[in-house]
Structures are given as structure tokens and as C-alpha cells.
A.B. asks: 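I have a structure I would like to understand better, so I am pasting it below and will then ask my questions one at a time.
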Amino acid sequence: MTSDKNRVVIFDTTMRDGEQSPGASMSLEEKKQISRVFDELGIDVIEAGFPIASPGDFEAVTEVSKILKKSIPCGLSRHNKKDIDACYEALKAAPRFRIHTFISTSSLHMKHKLNKSPEEVVEAIKENVTYARKFTDDVEWSCEDGTRTDMDFICKTVELAINCGAKTINIPDTVGYSVPAEFKKIIETLINKVPNIDKAILSTHCHNDLGLAVANSLAGVSAGARQIECTINGIGERAGNAALEEIVMAMKTRNDLMPFKTGIKTELLSKASKVVSNATGFPVQFNKAIVGKNAFAHEAGIHQDGMLKNRNTYEIMTPESVGVKQTSLVMGKHSGRHAFKEKLNDLGYMGITDDIIQIAFGKFKVLADKKKHVYDEDIAALVDDSLIKEDNVINLKSLRVFAGTGEPQRADMTLEVYGEIKKATETGDGPVDAIFKCVKKLYPHDVILKLYQVHAVTEGTDAQATVSVRIEENGKTTVGQAADTDTLVASANAYLNALNKMIIKRKRTAPEEEEYEQQKMKGI
């Protein structure tokens with residue numbers, strides 16, 4: 001991919017490994033939006049999914065591969081021809097693409113997971129890497145549980161995979177077991193002992209079970225690896241994967257010790273973080289490195305004094321370098337649409353449609369009348385709330401909530417359901433319970449509420465609340481999110497957002513069932 005010996009390829013697996021994080025499933029529209037942001041961000045390779053896993057994954061990989069302009073789309077496959085065929089079928093519309101195929105190589109996995117001998121694994125590598133190579137010259141091979149594999153066996157399998165056509169060799173720390181010194185030694189040994197290693201790029205794929213995913217990845221690059229597999233916000237199975245934003249900024253900030261470069265436009269990191277957080281419903285922890293809310297916040301008096309004198313006293317990178325703005329109040333109720341659009345460009349929201357801008361601007365005007373201070377984060381929340389919208393079946397028309405001590409909590413709600421106005425009053429164990437009962441009465445359904453989460457976008461009692469709701473129905477999961485200065489309104493809209501997405505999923509997977517539901521609601 002590159003002849004520059006210090007260029008590190010960034011391979012993002014947010015939509016594949018990241019989505020395997022429990023509850024982090026993303027809709028097709030969300031994956032398409034993420035793909036556009038990632039393409040703009042400058043990610044080299046985007047692993048969009050595991051095509052054989054489900055029709056939804058296959059469709060997502062297909063659609064993402066059509067969208068990307070610069071990034072290379074990639075699909076994952078096990079060592080069998082059906083998996084590899086599915087990858088090819090999903091990716092073939094792209095002018096260039098990568099097939100990533102893997103098999104376990106540790107004694108533990110070969111015995112208990114694969115029930116195969118080392119000799120059988122070697123044969124599987126030979127057969128399947130060769131088969132994948134027929135479809136593309138960009139084949140990546142991974143030895144699952146590589147850091148717990150016998151070193152001599154790794155060397156043998158890596159040499160074979162390269163001979164069979166693999167151009168990238170990935171060494172996964174699948175269970176996050178390794179430490180930097182050990183991981184560095186593994187990469188160095190491969191470089192020194194595998195005779196044809198110069199014909200492939202070595203890659204790292206580190207999990208964060210011991211909190212060492214980023215450290216191990218950087219140790220691998222220092223030893224000679226030139227691709228890092230990672231995810232935005234570090235999401236992924238169990239404790240997650242190496243965080244893309246931390247890896248990129250570590251190399252950029254400490255270029256004196258790690259003289260490597262990537263193609264990432266770091267000013268878009270904050271935007272990418274927010275888009276992924278919104279799609280998955282996983283809020284970013286406040287003290288998360290690089291993209292956390294407090295990453296550039298200084299409260300201690302000594303720190304503030306130092307910052308006022310010289311920002312370098314307590315900041316090793318500028319907020320602007322990762323797309324974070326420090327301005328607290330720039331926009332107000334007298335601001336016009338043109339100024340609002342310029343602000344969106346400053347925040348990294350480039351290329352969004354005029355109708356989305358108009359919707360967000362309308363919400364901004366309403367918010368500016370309610371709030372004393374309108375922050376950049378407020379504006380970003382409004383836009384993010386407007387971006388992923390399809391034609392909603394259910395819309396909130398009005399909501400009144402009665403709460404307090406000494407009487408049941410009550411909600412009066414008016415919804416538009418399939419174009420029909422419906423009203424209900426319900427009591428509940430708290431105002432949110434009453435609201436959700438109203439929704440269920442007006443649109444009967446059997447979804448299970450798996451997550452209800454509230455966090456403030458900005459500080460203060462007039463802060464916008466962002467509510468995330470995750471629901472499940474027959475194994476399908478959707479995430480809804482909404483922001484409002486009224487937490488209860490945000491709660492209602494977040495639940496309806498998740499429910500509308502579930503209805504859209506039903507239409508795609510069981511259209512006759514959803515048509516029946518629609519007719520039943522209309523009394524046909």
C-alpha cells in the first residue's frame with residue numbers, strides 16, 4: 001500500500017470487531033454514515049463486517065464498499081470457501097478491496113475450538129489463502145490467538161501464508177494477554193526468522209483485557225509492524241480493542257520517539273468519536289484519552305494558572321488538533337442560518353444536506369431560547385440527532401408529565417401513528433415508566449427494554465440531556481437517541497427513535513409481518 005518505510009497503515013474494524021461488543025449493533029444507515037466519516041478521516045482500510053455472518057452484515061459490506069472513495073473496503077472470512085465467496089460477492093462492486101481470512105494457531109484453540117491438528121491447520125492455510133488470492137491481490141491473513149501460539153509454529157504458518165499470496169500478515173492478541181515487551185519480541189522474531197517477510201506488511205490487532213491494547217500496538221510498530229488494527233473509541237468485544245484516536249495521537253505527539261506517520265486527518269477524530277457513540281448508544285467516558293469530554297478540561301487552580309500563562313504547561317496537544325473547540329458561547333438566538341452553517345463546518349460537519357441543516361437550525365433556534373449558554377457540544381448533539389433519520393412511523397406530537405410525591409406519576413401523550421393522531425394517559429413507577437407505557441398503549445408492541453441511559457451534553461441545570469435507549473425484539477436490536485433540555489421529552493423521543501428503527505428493520509426482514517401490523521393499527 002505504501003513504499004514509505006515509516007508510513008503506518010490504519011485498519012479500522014469498528015463496524016466488525018467493534019460491533020461485536022454486546023449491544024453495539026448498528027443499522028445499515030448508521031454504518032453508511034460512519035463509512036462516510038471514516039473515508040473523510042483518512043482511514044486506509046475499513047473492515048465493514050463479516051459477510052457470511054448474516055444477511056444484514058452482507059448488505060452492510062456491500063453498501064459500504066459502494067460508498068468509499070479513498071478507503072479500501074474489507075470483509076472478514078474464516079478458512080472455508082463459503083466465507084471467502086461471501087466476501088467476494090459483497091465486495092466485488094468496489095474497484096479495489098481486501099479479503100481478510102483467519103484461523104486459530106494456538107495449541108489451546110486448535111485442540112478445543114477447531115478440533116484440528118497443526119498439520120490440518122497448515123493445510124487449511126494453504127488451501128484458503130490460495131483460494132482468496134484468486135479474487136484479489138489484497139489478501140490479509142491472521143493467526144487467531146497469535147500471542148499464545150508457539151513461536152516456531154507462527155513462523156511456519158506466516159511463511160506459508162505469504163507464499164500462498166497474503167500481502168498482509170496480522171498478529172492478533174485475541175484475548176488481550178500479551179504485554180509490550182513480549183509483543184515487540186514476537187514481531188522482531190517474525191522479521192528475523194521468516195525468510196519471505198519482506199513480501200508482506202506485518203499488522204497488529206490487540207485487545208484491551210489488561211488495558212494494554214494501545215501500548216502493545218505501538219510496541220509492535222516500533223518493532224517493525226506497519227499496520228495497526230483498531231477501533232474508534234476503543235470499542236470491541238469484552239474490554240475492547242486498541243483505540244484508533246489514542247494510537248494516532250501518540251505517534252503524532254511523540255514523533256521524537258516514534259517517527260511514524262499515518263494518513264489520518266486528526267482534526268476529525270472528535271467528530272468520528274461522536275458519530276460512533278451515537279450509532280452504538282455507548283457514551284464516551286468523560287476521562288477517555290483524546291476524545292473524552294474532560295480530555296482538555298482544567299479545573300484545578302494550579303493547572304488553570306499554568307494554562308493562562310502557557311498552555312503547554314498542562315496540554316501536550318491542542319484541542320483543535322483533534323477537532324475539539326474550546327469556545328463556550330459563540331452562537332445565540334440572534335445567529336442566522338449562514339452563521340450556523342459556518343459553525344457546522346468549523347465543527348467538522350461538512351457535506352451534510354440542506355434539509356438536515358434546516359432541521360438542525362430549527363432545533364437550535366428553539367434551544368437558544370431555552371438555554372443561557374449554547375455550547376459547541378449542544379450544536380453537535382442537535383446535528384447528530386438529525387442526521388440518521390428515515391420516514392418515521394411514529395411521531396411525538398405532545399407530552400405532559402405529572403410527577404411529585406404523594407400521587408402516582410402520570411403522562412398524557414399524543415402520538416401520530418401511521419398518520420393517525422392518538423392520545424393516551426398512563427400512570428407508572430416514575431415519569432419515564434409512565435411515558436413508555438403510553439407509547440405501548442398507542443402502539444402495542446413486545447420489545448424488551450435493554451438499556452436506558454441519560455447523560456448531560458454540557459454542564460449546568462439547563463444542559464441538554466442526551467438519552468440512549470436500546471430495545472430488542474426477536475433477536476433484533478436497535479438503539480435510539482435524542483437530545484433535549486427536557487429529559488423526559490428526550491426520553492420519549494429516544495424510545496420512539498429506537499421503535500421506528502425496529503419497524504424499519506421489520507420491513508426489511510419481514511415485510512409481510514410489518515404490513516399486517518400496520519393494517520391492524522389502522523383497523524383494516
A.B. asks: So Lys288 and Glu246, salt bridge (Lys or Arg N to Asp or Glu O under 4.0 Å) or not? Walk me through it.
C.D. replies: CA-CA 9 Å; Lys288 168 77 174 64; Glu246 295 177 24; 2.6 Å; yes
A.B. asks: Rounded to the nearest 0.5 Å, what's the gap from CG on Leu210 to CG on Asn216? Could you check?
C.D. replies: 8.5 Å
A.B. asks: Measuring from atom CG of Leu91 to atom OG of Ser65, what distance do you get when rounded to the nearest 0.5 angstrom?
C.D. replies: 5.5 Å
A.B. asks: His100 vs Phe11, test: ring-ring contact (aromatic ring centres under 6.0 Å, His included). Steps then yes/no.
C.D. replies: CA-CA 11 Å; His100 179 193; Phe11 177 112; 5.8 Å; yes
A.B. asks: In terms of heavy-atom contacts, does CG of Asn287 have more than 12 from other residues, nucleotides or ligands at under 6.0 Å?
C.D. replies: yes
A.B. asks: I need the single residue from Arg98, Glu140, Glu47 that forms a side-chain contact (heavy atoms from CB on, under 4.5 Å) with Leu76. Which is it?
C.D. replies: Glu47
A.B. asks: Surrounding NZ of Lys113 (heavy atoms of other residues, nucleotides or ligands, distance under 6.0 Å), is the total greater than 12?
C.D. replies: yes
A.B. asks: Is it true that a side-chain atom of Ser71 and a backbone atom of Leu68 form a donor plus acceptor pair closer than 3.5 Å?
C.D. replies: no
A.B. asks: Is it the case that atom OH in Tyr177 sees more than 12 heavy atoms from other parts of the structure closer than 6.0 Å?
C.D. replies: no
A.B. asks: Under the side chain to side chain contact (heavy atoms under 4.5 Å, CB included) rule, collect the residues that match up with Ala492, sequence neighbours excluded.
C.D. replies: Leu396, Leu399, Met413, Ile435
A.B. asks: Using a strict cut-off of less than 4.0 Å between a Lys/Arg side-chain nitrogen and an Asp/Glu carboxylate oxygen, indicate whether Arg16 and Glu19 qualify as a salt bridge.
C.D. replies: no
A.B. asks: Please examine the side chains of Ile72 and Ile46, heavy atoms only from C-beta on, and report whether any two atoms are closer than 4.5 Å.
C.D. replies: no
A.B. asks: With side chain to side chain donor-acceptor pair (under 3.5 Å) as the test, would you mind laying out the steps for Ser491 and Tyr452 before giving the verdict?
C.D. replies: CA-CA 8 Å; Ser491 299; Tyr452 170 78; 2.7 Å; yes
A.B. asks: Is there a donor-acceptor contact under 3.5 Å from the side chain of His445 to the main chain of Tyr443?
C.D. replies: yes
A.B. asks: How long is the gap from CG on Asn474 to CD1 on Ile448, to the nearest 0.5 Å?
C.D. replies: 8.5 Å
A.B. asks: Do any N or O atoms from the side chain of Thr253 and from the backbone of Met249 form a donor-acceptor pair under 3.5 angstrom?
C.D. replies: yes
A.B. asks: Only one of Ile232, Leu268, Val275, Val64 clears side-chain contact (heavy atoms from CB on, under 4.5 Å) with Phe38; which?
C.D. replies: Ile232
A.B. asks: Side chain to side chain donor-acceptor pair (under 3.5 Å), that's the test. Do Glu59 and Thr62 meet it? Break it down for me.
C.D. replies: CA-CA 5 Å; Glu59 183 184 17; Thr62 301; over 6 Å; no
A.B. asks: Let me know which of Ile10, Thr13, Thr231 forms a side-chain contact (heavy atoms from CB on, under 4.5 Å) with Leu244.
C.D. replies: Ile10
A.B. asks: Could you tell me if the side chain of Lys271 sits less than 4.5 Å from the side chain of Glu40, heavy atoms only?
C.D. replies: yes
A.B. asks: Calculate, to the nearest 0.5 Å, the distance between atoms CG and NZ belonging to Leu442 and Lys423 respectively.
C.D. replies: 11.0 Å
A.B. asks: Check side chain to side chain donor-acceptor pair (under 3.5 Å) between Asp209 and all other residues, then give those that pass, not counting sequence neighbours.
C.D. replies: Arg238
A.B. asks: Take Thr174 and Glu144 through the test side chain to side chain donor-acceptor pair (under 3.5 Å) and record every step on the way to the result.
C.D. replies: CA-CA 6 Å; Thr174 304; Glu144 187 181 8; 4.8 Å; no
A.B. asks: Any chance CG of Asp355 has more than 12 other-residue heavy atoms, nucleotides or ligands included, within less than 6.0 Å?
C.D. replies: yes
A.B. asks: To the closest 0.5 Å, what do you measure between CG (Asp354) and CZ (Phe361)?
C.D. replies: 13.0 Å
A.B. asks: Are the side chain of Asn233 and the backbone N or O of Ile235 linked by a donor-acceptor pair below 3.5 Å?
C.D. replies: no
A.B. asks: Measure the CZ-CD1 distance between Phe364 and Ile357 for me, rounded to the nearest 0.5 Å.
C.D. replies: 13.5 Å
A.B. asks: Can you check salt bridge (Lys or Arg N to Asp or Glu O under 4.0 Å) on Glu426 and Lys437, steps first, answer last?
C.D. replies: CA-CA 6 Å; Glu426 288 289 321; Lys437 281 182 176 178; 5.8 Å; no
